[in-house]
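Below is one structure; the comments refer to it alone.
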2 protein chains.
Amino acid sequence: MARSDTRFREAYNRILDYCGALPPGSVMPSETGLAEIAGVSRTIIRRCLGRMEETGLLAWSGREKLLLRAPLAEDRIDLLRPEGGAEDLEQRFLDWVLRFDVPAGTALSVAELSRHFDVPQHELKEFLAGLSRFGLVSRRPQGGWMLLGFTRDFAIELSDFRSVLELDAVARLAEAPVDHPVWAELAELRAAHLRLRAAIETDFHAFSKLDERFHQALNSVVTNRFTAEFQKVISLIFHYHFMWDKTEEKTRNAAAIEEHLEIIDALEARDAPAAQAAAGRHLRTSKTTLLSSLRHHELA
Amino acid sequence: MARSDTRFREAYNRILDYCGALPPGSVMPSETGLAEIAGVSRTIIRRCLGRMEETGLLAWSGREKLLLRAPLAEDRIDLLRPEGGAEDLEQRFLDWVLRFDVPAGTALSVAELSRHFDVPQHELKEFLAGLSRFGLVSRRPQGGWMLLGFTRDFAIELSDFRSVLELDAVARLAEAPVDHPVWAELAELRAAHLRLRAAIETDFHAFSKLDERFHQALNSVVTNRFTAEFQKVISLIFHYHFMWDKTEEKTRNAAAIEEHLEIIDALEARDAPAAQAAAGRHLRTSKTTLLSSLRHHELA
DNA sequence: TTTATGTATCAAATAATAAAAAACATCGTG
DNA sequence: CACGATGTTTTTTATTATTTGATACATAAA
């Protein structure tokens, strides 16, 4: 009927672990000290000590805290929820949207999503509030939320925004110092691209992963929290769409490999204008591909 | 003990308004029709009709709905909360952070903020969740939230991000069609800058508003939801800092006017490279100013 | 057969509440 | 008597429960 005591349970086990490393009969640290060890407040520590006393693990009176015996496995409390996958909610949500092609304008029910993703409602609300900053969802006048993307406009704006960010990344990369780890990664990427080009007839499916790695490498020179936040969303959306769009996949991937190689060539030659031009061409191709994959979806 | 019935109250008054325009004795539209008129669900409409019947405004039985008399001012229900200013929470929150120079790492208490801004707690939680996407706040391990910005790193990254966006805007502007409204706005802005330059000795305070207008004009050619979302935050932060940093204000503003004029000159000449260069210079100045204003704050 | 109303179900907003954190007061000991 | 520890109280947070509102379904009138 109120908040869960997960925090207490976890702390209790952590304190038991700590006691396990202590010889029986030793005096325990102060409440404040234990609080620091377990990373929780004194309130929780006192509850832990209380329970340890009940269990006969501890003789406790005032500031006399004597550990009576080493804690056993049975002494631990088990955590109710086996660590809900509330972590990668973003990944799972976008996956759901793209995989099932949830149309723009769909009403999103927090209750339903909460059940589907096995995440408490209030966490979902916070998550949606965050997404609304990216223009992916918005509040409905009659309450609740609705999905805004994935319209054609959204795809265009996303592509444009991506271009802006990535062209900047390329510009910076061209001026990165020689000892920057990105150069080693680029060399490896070149080799990987050449290998895939040779085996394109059979392995063209492998390109998607390579593409993601390539773009991640380009952006690795930009250490900017705003850019980073967007890249997560951008890369997810682009890659899911490319994965699902099977039209001309082999030709498309072969062409993209050439474009990537052109970018790598220009970068390694430290020819910034050429790199910009090559990256611009590649980003325009990507945009076209994204838009056409949307069109196919709409027709289906 | 649960959600408020504000929605009902507002709808009831709206329905009364609608009835006021109707001659007494007339039959009222269907429930669904009324629902559409009031922008609300049938559930609420039925509650409204029920109340109107009790008040003697309406004879209601099945689908016979006869308006008995014209509604009076006394018939209206008054809304409890006199329209809380929950709208521009973003503005007010950033204002508070910058005005009181809330240091990075400060714990933000939802309860306290809720009282201070007179906004329900859950709205604040959603708001903070949104801000966390911008890296301005984050969750604390022991629960609750903390303010991350305004560190030096944050300022640098924000400035860089702003530069990327705005240089792109300038590039697009240089290629905007002649009939785009931005050209008229730029002409006006040039005149305003010249006027202010002539009166700089006395009116230098007026620059802040002009600066905001200028940057808004530049970005007006980019219609992109992602850019737009950021511009709100960016412009707020920059302008508050400039407003509070009084060191060398006159000299600073005079220099900025020249930089603005250079940009306008290049744009009107459709000289894209020159515009880029001028904008780059100006953005670098802005960044320096922002950073030095932080330093002054830190010393104080 | 269509359109309106009656009814039931489900979701959203928000107050209420247990758990946890933080603040405060008091005590014990070197 | 000062410092650090514990005892106690106050606040705050996470989470549930409850009421209002939205929506889907069933039924009846035109």
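Here is how names work: the chains are called A, B, and so on, in the same order as the sequence lines, proteins then strands, and each is numbered from 1. Quantities reported herein were computed from a predicted structural model and do not represent experimental measurements.
Here D:dT16 presents its C1' atom at 9 Å from NE2 of A:H122, a figure rounded to the nearest Å. One can place CZ of A:R7 at 8 Å from P of C:dA20, the figure rounded to the nearest angstrom. Atom CD of A:E36 and atom P of C:dA22 are 12 Å apart (whole Å). Taking atom CZ on B:R42 and atom P on C:dG6, their separation rounds to 8 Å, with Å as the unit. Following rounding to the nearest Å, A:R140 (CZ) and C:dA12 (C1') show an atom-to-atom distance of 10 Å. Taking atom CD of residue A:E31 and atom C1' of nucleotide D:dG4, one finds them 12 Å apart after rounding to whole Å. Going from atom CZ of B:R9 over to atom P of D:dG21 covers 9 Å, rounded to whole Å. Between the C1' atom of D:dA5 and the CZ atom of A:R46 lies a distance of 10 Å, rounded to the nearest Å.
For the pair A:K65 and D:dA5, the criterion of a side-chain N or O lying under 4.0 Å from OP1 or OP2 is not met. Proximity of A:S41 to the phosphate of C:dA20: no side-chain N or O atom is located under 4.0 Å from OP1 or OP2. An OP1 or OP2 oxygen of D:dA14 is reached within less than 4.0 angstrom by no side-chain nitrogen or oxygen of A:S4. Listed pair B:S109 / D:dT11 fails the phosphate criterion, with no side-chain N or O lying under 4.0 Å from OP1 or OP2. A close approach under 4.0 Å does not occur between any side-chain nitrogen or oxygen of A:R47 and OP1 or OP2 of C:dA21.
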Show me the side-chain donor-acceptor pairs of residues 135-146 of chain B shorter than 3.5 Å, one per line, residues at least two apart or across chains.
{"from": "B:R139", "atom 1": "NH2", "to": "A:E126", "atom 2": "OE1", "distance (Å)": "3.1"}
{"from": "B:R139", "atom 1": "NH2", "to": "A:E126", "atom 2": "OE2", "distance (Å)": "2.9"}
{"from": "B:R140", "atom 1": "NE", "to": "B:G143", "atom 2": "O", "distance (Å)": "3.3"}

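The stretch residues 11-29 of chain A has no heavy atom under 4.0 Å from DNA chain D, so no residue of it qualifies as close. Listed by residue number, B:K125 are the residues of residues 124-138 of chain B with a heavy-atom contact under 4.0 Å to DNA chain D.
Below 30°, between 30° and 60°, or above 60°: for B:W96 and B:H116 the angle between ring planes is between 30° and 60°, a tilted geometry. Under the 30°/60° scheme for interplanar angles, the aromatic rings of A:F93 and A:F117 are found to be tilted.
In this structure, B:D160 CG and B:R162 CZ are separated by 11.5 Å, a value rounded to the nearest 0.5 Å. Atom CG of B:L108 sits about 5.5 Å away from atom CG of B:L113, to the nearest 0.5 Å. The structure places CD1 of B:I44 at 12.0 Å from CG of B:L49, a figure rounded to the nearest 0.5 Å.
The aromatic ring centres of B:F230 and A:F230 sit less than 6.0 Å apart.
Residue whose closest nucleotide on DNA chain D sits further toward the 5' end, between A:W60 and B:R115: A:W60. Along DNA chain D, the nucleotide nearest B:T43 and the nucleotide nearest B:G143 are compared for position; the residue whose nucleotide lies closer to the 5' end is B:G143. Positionally, the nearest nucleotide of DNA chain C for B:S30 lies more toward the 5' end than for the other of B:S30 and B:Q142.
Residue contacts for B:L34: at a heavy-atom cut-off of 4.0 Å it reaches no nucleic acid atom on any strand shown. Residue contacts for B:I45: at a heavy-atom cut-off of 4.0 Å it reaches no nucleic acid atom on any strand shown.
When side chains are defined from C-beta on, A:C19 does not count as touching A:L57, because their heavy atoms never get closer than 4.5 Å. A 4.5 Å side-chain heavy-atom check between B:W60 and B:M28 finds every atom pair outside the cut-off.
A distance-only check finds a donor-acceptor pair linking the side chain of A:R9 to the backbone of A:D78 [under 3.5 Å].
You'll find a donor-acceptor pair under 3.5 Å spanning the side chain of B:R3 and the base of C:dA12, going by distance alone.
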